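Have a look at the structure below, then the notes.
Since the structure is predicted, the reported quantities are computational estimates derived from the model, not experimental observations.
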Amino acid sequence: MPKEKKKKRNAASREQKFFNFWRGVFQFIITHWCYMLRLKLIYRLKVYGKENIPQTNDYIVAPNHLSTLDPPMIAAIMPRPVAFMAKKELFYNPFLCWWLNWLGAFAVDRENLSVSTIRTVLTIRKTKWVFGIFPQGKRQAPGTISDITKGFASLAKTTKCGILPVGITGSEEAKHLPFSGKIVVKIGKVIPYSENVENMVEEWRKSIQELTGFKVEELVEV
């Protein structure tokens with residue numbers, strides 16, 4: 001089997017034992033300590049709506065996406081470890097592969113959602129972790145809500161999970177000096193699980209618009 005395909009398969013397929021205690025500890029140290037210090041010191045991070053986070057893990061964390069800072073920031077805010085999807089190409093780099101593995105991430109092919117990836121999402125439900133995904137797929141320009149795909153709602157339907165909308169503003173600005181940035185994260189109320197994918201997508205769109213104040217652009221059919 002070609003080396004590239006082997007990496008793709010291993011990175012997409014995660015067994016229950018992968019989401020273990022030690023990975024949770026590693027993610028906690030990196031995000032809650034290291035990243036949170038930066039977020040507080042430089043970006044003056046403010047978080048609202050933590051009371052909306054369920055105590056169980058029967059929900060999908062679904063933020064809008066502005067920056068590479070977003071995944072560790074969301075993991076730093078959530079009370080449970082968060083297993084994020086990451087594009088498969090990142091796992092071809094040995095160091096990034098090691099780093100993402102220890103942070104509990106797993107691979108996804110943006111063009112073709114594999115059976116292995118779906119099984120991994122189902123596996124996460126059996127652990128103490130929670131699944132995280134950016135419905136926009138990639139970073140977007142601030143001020144707009146665009147390129148929304150339906151894959152996150154389809155996975156919510158498959159796993160019978162609700163969707164926790166998280167609105168992020170300000171993370172796109174690269175700041176380095178203390179107190180020179182400002183990030184606001186607002187956590188909305190859980191969108192209940194539904195068999196109707198279209199409805200869940202629309203509810204997420206409305207929630208993110210309300211949480212961020214961003215303008216909505218046309219939905220991408222995926």
Side-chain angles (χ1 to χ4, degrees), residues 11-12 14 27 31 35 39 45 47 49 52-53 57 59-78 80-91 96 99-100 103-114 117-118 120-121 124 129-159 161-173 183-188 190-191 197 200-212 214-222:
R14 304 299 197 196
Q27 186 184 103
T31 60
Y35 270 93
L39 291 166
L45 173 67
V47 182
N52 293 325
I53 302 175
N57 75 335
Y59 64 96
I60 290 175
V61 183
N64 62 304
H65 199 9
L66 301 174
S67 164
T68 55
L69 191 61
D70 296 341
M73 178 175 66
I74 295 302
I77 292 170
M78 291 294 140
R80 291 173 177 266
V82 183
F84 274 106
M85 281 184 173
K87 62 181 181 180
K88 69 182 191 304
E89 291 81 6
L90 295 177
F91 291 87
L96 281 178
W99 181 252
L100 291 170
L103 287 174
F106 60 103
V108 62
D109 185 341
R110 290 176 175 174
E111 304 300 324
N112 181 27
L113 192 63
S114 69
T117 299
I118 296 173
T120 296
V121 175
I124 294 169
W129 290 56
V130 65
F131 169 51
I133 184 174
F134 294 98
Q136 294 166 297
K138 57 184 179 181
R139 298 190 300 273
Q140 305 294 323
T144 63
I145 303 173
S146 58
D147 296 330
I148 307 171
T149 65
K150 298 179 182 179
F152 77 104
S154 296
L155 287 170
K157 177 181 177 180
T158 299
T159 57
C161 281
I163 298 171
L164 183 68
V166 181
I168 302 172
T169 58
S171 67
E172 75 284 353
E173 300 181 13
I183 296 178
V184 175
V185 176
K186 295 182 179 180
I187 303 168
V190 172
I191 299 166
V197 170
M200 285 192 287
V201 172
E202 180 62 15
E203 287 299 316
W204 182 85
R205 180 193 66 76
K206 289 180 180 178
S207 294
I208 296 300
Q209 183 177 26
E210 181 179 343
L211 294 169
T212 63
F214 290 172
K215 180 181 178 182
V216 177
E217 293 188 357
E218 186 177 355
L219 176 70
V220 174
E221 299 290 338
V222 175

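Under the side chain to side chain contact (heavy atoms under 4.5 Å, CB included) test applied with Ser154, the options Thr149, Val201, Val197 reduce to a single match, Val197. The side chain to side chain contact (heavy atoms under 4.5 Å, CB included) with Phe214 is formed by just one residue from the set Ile145, Thr144, Ile168; it is Ile145.
Screening residues 164-173 for salt bridge (charged side-chain N to carboxylate O under 4.0 Å, His left out), with sequence neighbours left out, gives Glu173-Lys175.
For Ala62 against Trp204, the heavy-atom pair with the smallest separation is O-NE1, 2.8 Å. Scanning both residues, Ile133 and Pro135, for their nearest heavy atoms gives O-CD, 3.2 Å.
Under the rule for a side chain to side chain contact (heavy atoms under 4.5 Å, CB included), the partners of Gln140 that lie at least two apart in sequence or sit in another chain are Gln136, Lys138, Ser146, Asp147. Residues satisfying the ring-ring contact (aromatic ring centres under 6.0 Å, His included) criterion with Phe134, sequence neighbours excluded, are His65, Phe84. Partners of Thr158 by side chain to side chain contact (heavy atoms under 4.5 Å, CB included), not counting sequence neighbours, listed by chain and number: Ile118, Leu122. Here Thr117 pairs with Ala12, Met85, Phe106, Val108, Leu113, Ser114 under the side chain to side chain contact (heavy atoms under 4.5 Å, CB included) rule; sequence neighbours left out. Taking Leu90 as the reference, Ala86, Lys87, Leu96, Leu100 meet the side chain to side chain contact (heavy atoms under 4.5 Å, CB included) condition, with sequence neighbours excluded.
Remark: the backbone N or O of Gly104 is not paired with any side-chain donor or acceptor of Gln27 at under 3.5 angstrom. Although no hydrogens or angles enter the test, the distance criterion places no donor-acceptor pair under 3.5 Å between the side chain of Thr169 and the main chain of Thr212. When atom types are taken as modelled, the side chain of Asn57 and the backbone of Trp129 share a donor-acceptor pair closer than 3.5 angstrom.
More than 12 heavy atoms of other shown residues, nucleotides or ligands fall within 6.0 angstrom of atom CZ in Arg205. Surrounding CD of Glu210 are at most 12 heavy atoms belonging to other residues, nucleotides or ligands under 6.0 Å away.
Looking only at side-chain heavy atoms (C-beta outward), Ile124 and Val130 stay at 4.5 Å or farther from each other. A heavy-atom distance below 4.5 Å is found between the side chains of Ile191 and Ser207. In this structure, the side chains of Ile183 and Leu69 come closer than 4.5 Å at one or more pairs of heavy atoms. Proximity of Ile187 to Ile53: side-chain heavy atoms (C-beta onward) are separated by under 4.5 Å at one or more points.
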(request) Any chance you could lay out the side-chain contact (heavy atoms from CB on, under 4.5 Å) test for Leu45 and Met73, step after step, and finish with the verdict? (result) CA-CA 9 Å; Leu45 173 67; Met73 178 175 66; 4.0 Å; yes

(message) What verdict does the side-chain contact (heavy atoms from CB on, under 4.5 Å) test give for Phe131 and Thr120, after you've listed the backbone C-alpha separation in whole Å, the side-chain angles of each residue and the deciding distance to 0.1 Å?
(response) CA-CA 10 Å; Phe131 169 51; Thr120 296; over 6 Å; no

(message) Could you go through Val190 and Ile163, starting from their C-alpha distance and side-chain angles, then the distance that decides it, and tell me whether this counts as side-chain contact (heavy atoms from CB on, under 4.5 Å)?
(response) CA-CA 5 Å; Val190 172; Ile163 298 171; 5.9 Å; no

